[in-house]
Amino acid sequence: MSTSTRVAFITGAAGQDGSFLAELLIGKGYTVYGMVRRSSNMTNLDRLTALRHNHRFHIHYGDVTDIASIMRILTLAKKDYFNTLLNVKEKGYLEVYNLAAQSHVKVSFEVPQYTANTDAIGTLNVLEAVVQLELTPHVRLYQASTSELFGSTAPPQNEESLMCPQSPYAVAKLFAHWAVKNYRDAYNMYAVSGILFNHESERRAANFVTRKITKFAAALHRGQKSVLEIGNLHALRDWGYAKDYVEAMWAMLQQDSATDFVIATGEQHTVKECIEAALEVVGIPRIEWRGTGLSETGHNAETGDLLVEVNAKYFRPTEVDSLQGDCRKATDVLKWKHTTGFKELVKIMVLHDIQELGI
Ligand code: NDP
Ligand code: GDP
């Protein structure tokens with residue numbers, strides 16, 4: 001006889017966080033239902049052969065904009081949950097992690113309505129599916145909120161900080177954030193939002209700045225690429241390692257009561273510092289920066305070679321200048337703290353990207 005009910009449903013299961021979370025939960029003995037789209041990029045999951053072949057990991061096609069597909073997968077998870085319930089000593093919950101999103105800020109300016117449908121209405125659909133299936137007392141729901149909600153509010157940002165979104169992505173996520181709070185209050189539902197600051201990894205999509213930089217450093221090391229075209233070099237971000245952050249998601253669903261948490265490292269770095277850290281890993285210890293604004297360039301200080309060039313096409317119509325999280329609440333209540341610092345994170349990513357290029 002097993003000792004507890006451990007069933008989870010993850011939307012966005014093929015994404016960076018979804019893949020780390022699925023591994024974490026399978027490792028803890030959960031049965032996991034993962035939603036992916038027919039067109040989803042499956043690279044992260046395909047590489048995890050141990051996970052793909054695990055009999056407790058079930059992948060199903062669906063889309064958060066299609067409530068019927070959510071209800072179909074949730075019904076499968078529900079049956080599994082109630083079957084397990086008969087055979088366990090310790091009652092658990094059906095955990096729902098809503099990670100599906102059009103997650104790129106710059107892209108959201110190009111496809112704002114699509115972003116709103118997925119990130120705002122998609123979240124409403126997940127909440128409503130739980131209610132319609134009468135699962136409210138049995139479900140614990142995690143919503144992927146974001147530090148982008150703070151937007152133009154000066155750092156450090158915590159759970160009480162003013163939310164001033166600066167992109168269609170952030171506006172859609174703010175709708176989702178408030179929808180979760182409303183369903184929590186209206187239906188007495190255990191539903192929480194994790195306000196996560198930027199988190200990266202070797203599974204991050206290549207169009208986010210960290211991965212673009214670490215892939216560039218790897219290509220430079222292999223002699224394949226010589227100049228990095230980049231946008232705003234001066235934006236400040238609080239970057240952590242995704243593997244640490246999925247631990248916090250899980251911890252948020254194991255508490256006595258439902259409440260939101262900021263998850264961050266508490267440190268901030270510029271995009272420029274990220275470039276410097278990545279190039280240091282491939283043996284370029286110092287970058288010399290010349291010019292300002294659109295004419296700013298970065299050169300190998302030893303050879304003078306041009307390495308970095310600013311290109312306005314990567315600028316956003318409205319930028320979030322400075323994010324730095326204050327996660328004291330998570331440290332106190334969840335006992336969560338990041339384990340991987342900025343330089344170590346960059347190194348993990350660069351070394352992975354070098355290996356990926358082969359010899
Ligand atoms: P990813 O973009 O890697 O993953 C998002 C996943 O959602 C993808 O697998 C994508 O699949 C899927 N998806 C997109 N649209 C839909 C849809 N309509 N229906 C079902 N699935 C869909 O993001 P991350 O893993 O980095 O982030 C996870 C969540 O956390 C996202 O909601 C993101 O906005 C949020 N977040 C992320 C932060 C970060 O720094 N990483 C910070 C704060 C919040 P497909 O390949 O089909 O597009
Ligand atoms: P975000 O914080 O969710 O928008 O994550 P990103 O990795 O997309 O961007 C982080 C910061 O890097 C933002 O302030 C961007 O404006 C800045 N940035 C500078 N150059 C680039 C670039 O070439 N691509 C991306 N994605 N961001 C860039």
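Computed from a predicted structure; not experimentally measured. All ligand and atom numbering here is 1-based and tracks the order in the structure. Heavy atoms only: backbone and side chains are in, while hydrogens, waters and symmetry mates are out. Here, residue 1 is the first one in the sequence, and each next residue gets the next number.
Salt-bridge annotation for Asp260 and Lys329: absent, with no side-chain N of the basic residue lying under 4.0 Å from a carboxylate O of the acidic one. With salt bridges taken as basic N to acidic carboxylate O contacts below 4.0 Å, none links Arg316 and Glu148. A salt bridge does not link Lys272 to Glu276: none of the charged nitrogens lies less than 4.0 Å from a carboxylate oxygen. Between Glu23 and Lys243 there is no salt bridge, since none of the side-chain N atoms of the basic residue sits less than 4.0 Å from a carboxylate O of the acidic one. A salt bridge does not link Arg237 to Glu200: none of the charged side-chain nitrogens sits closer than 4.0 Å to a carboxylate oxygen.
Using bins of under 30°, 30° to 60° and over 60° for the plane-to-plane angle, the ring pair Phe342/Trp239 lands in the parallel bin. Between Phe82 and His138, the angle of the ring planes goes over 60°, which puts this pair in the perpendicular group of the 30/60° scheme. Using cut-offs of 30° and 60° on the angle between ring planes, the pair Tyr142 and Tyr97 is tilted.
Among protein heavy atoms, atom 38 (C) of ligand 1 sits closest to His199 CE1, 3.2 Å. Shortest contact from atom 46 (O) of ligand 1 to any protein heavy atom: Asn41 N, 3.1 Å. Counting only heavy atoms of the protein, atom 12 (C) of ligand 1 lies nearest to Gly12 CA, 4.0 Å. Among all non-hydrogen protein atoms, the one lying nearest atom 3 (O) of ligand 1 is Gln16 N, 3.0 Å. Looking at atom 18 (N) of ligand 1, its nearest protein heavy atom turns out to be Asp63 OD1, 2.8 Å. Nearest to atom 41 (N) of ligand 1 among the protein's heavy atoms is Arg204 NH1, 3.1 Å. For atom 29 (C) of ligand 1, the nearest non-hydrogen atom of the protein is Leu99 O, 3.3 Å. In terms of protein heavy-atom proximity, atom 23 (O) of ligand 1 is closest to Ser103 OG, 3.5 Å.
Between Ile213 atom CD1 and Leu228 atom CG the span is 6.5 Å, to the nearest 0.5 Å. Atom CG of Leu51 sits about 10.5 Å away from atom CG of Asp46, to the nearest 0.5 Å. One finds the OH atom of Tyr81 at 15.0 Å from the OG1 atom of Thr75 (value rounded to the nearest 0.5 Å).
Residue Ser145 places no N or O, backbone or side chain, under 3.5 Å from any N or O of ligand 1. For the pair Asp17 and ligand 1, the shortest N or O to N or O distance falls below 3.5 Å. Of the polar atoms of Thr146, none of the N or O atoms is found under 3.5 Å from an N or O of ligand 1, judged by distance alone. Checked against a 3.5 angstrom limit, the closest N/O atoms of Met35 and ligand 1 fall outside it. In terms of polar-atom proximity, Tyr114 is not counted as a contact of ligand 1, lacking any N or O under 3.5 Å from an N or O of the ligand. The distance criterion of under 3.5 Å between nitrogen or oxygen atoms is not met by Gln102 with respect to ligand 1. The N/O atoms of Leu196, backbone and side chain alike, include none that comes under 3.5 Å of an N/O atom in ligand 1. Looking at ligand 1, you'll find an N or O of Lys173 within less than 3.5 Å of one of its N or O atoms. Considering backbone and side-chain atoms together, Asn198 places no N or O closer than 3.5 Å to any N or O of ligand 1. Some N or O of Gly15 is nearer than 3.5 Å to an N or O of ligand 1, by distance alone.
For the pair Arg38 and Tyr61, the cation-pi test (distance below 6.0 Å, angle within 45°) is failed.
Between Val126 and Met35 the shortest side-chain heavy-atom distance does not fall below 4.5 Å. Using a 4.5 Å cut-off on side-chain heavy atoms (C-beta onward), His352 and Arg211 make contact.
Contact analysis leaves Met42 out of contact with ligand 1, as no non-hydrogen atom separation drops below 4.0 angstrom. Residue contacts with ligand 1 leave out Gly122, since none of its heavy atoms falls under 4.0 Å from the ligand. Heavy-atom separations between Thr11 and ligand 1 are all 4.0 Å or longer.
Of the listed options Tyr61, Phe208, Tyr169, Tyr169 places a heavy atom closest to atom 33 (C) of ligand 1. Across the listed options Ser147, Ser39, Ala205, Ala101, Ala101 owns the non-hydrogen atom lying nearest to atom 14 (C) of ligand 1. Between the choices Ser108, Ala100, Ala144, the shortest heavy-atom distance to atom 35 (C) of ligand 1 belongs to Ala144.
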What do the steps show when you test Thr65 against Asn117 for side chain to side chain donor-acceptor pair (under 3.5 Å), and what is the final call? CA-CA 7 Å; Thr65 61; Asn117 279 338; over 6 Å; no

Q) Going through the distances and angles, do Asn198 and Ser147 end up as a side-chain contact (heavy atoms from CB on, under 4.5 Å)? A) CA-CA 7 Å; Asn198 296 54; Ser147 52; 3.8 Å; yes

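Applying the 4.0 Å criterion to heavy atoms of Thr118 picks out, from ligand 1, the atoms 15 (N), 16 (C), 17 (C), 18 (N). Each of the following atoms of ligand 1 lies closer than 4.0 Å to a heavy atom of Ser40: 11 (O), 45 (P), 46 (O), 47 (O). Listed by number with element, the atoms of ligand 1 under 4.0 angstrom from any heavy atom of Ala14 are 9 (O).
With His104 as the fixed residue, the side chain to side chain contact (heavy atoms under 4.5 Å, CB included) test singles out one of Phe109, Tyr169, Phe208: Phe208.
Considering all non-hydrogen atoms of both residues, Tyr30 and Ala8 come closest at CD2-CB, 3.9 Å. Nearest heavy atom pair, residue Glu319 against residue Ala235, reads OE2-CB, 4.0 Å.
The immediate protein surroundings of ligand 2, defined as residues with any heavy atom under 4.0 Å of it, consist of His104, Val105, Glu148, Asn198, Asn207, Phe208, Val209, Lys212, Ile230, Gly231, Asn232, Ala235, Arg237, Val271, Tyr314, Arg316, Glu319.
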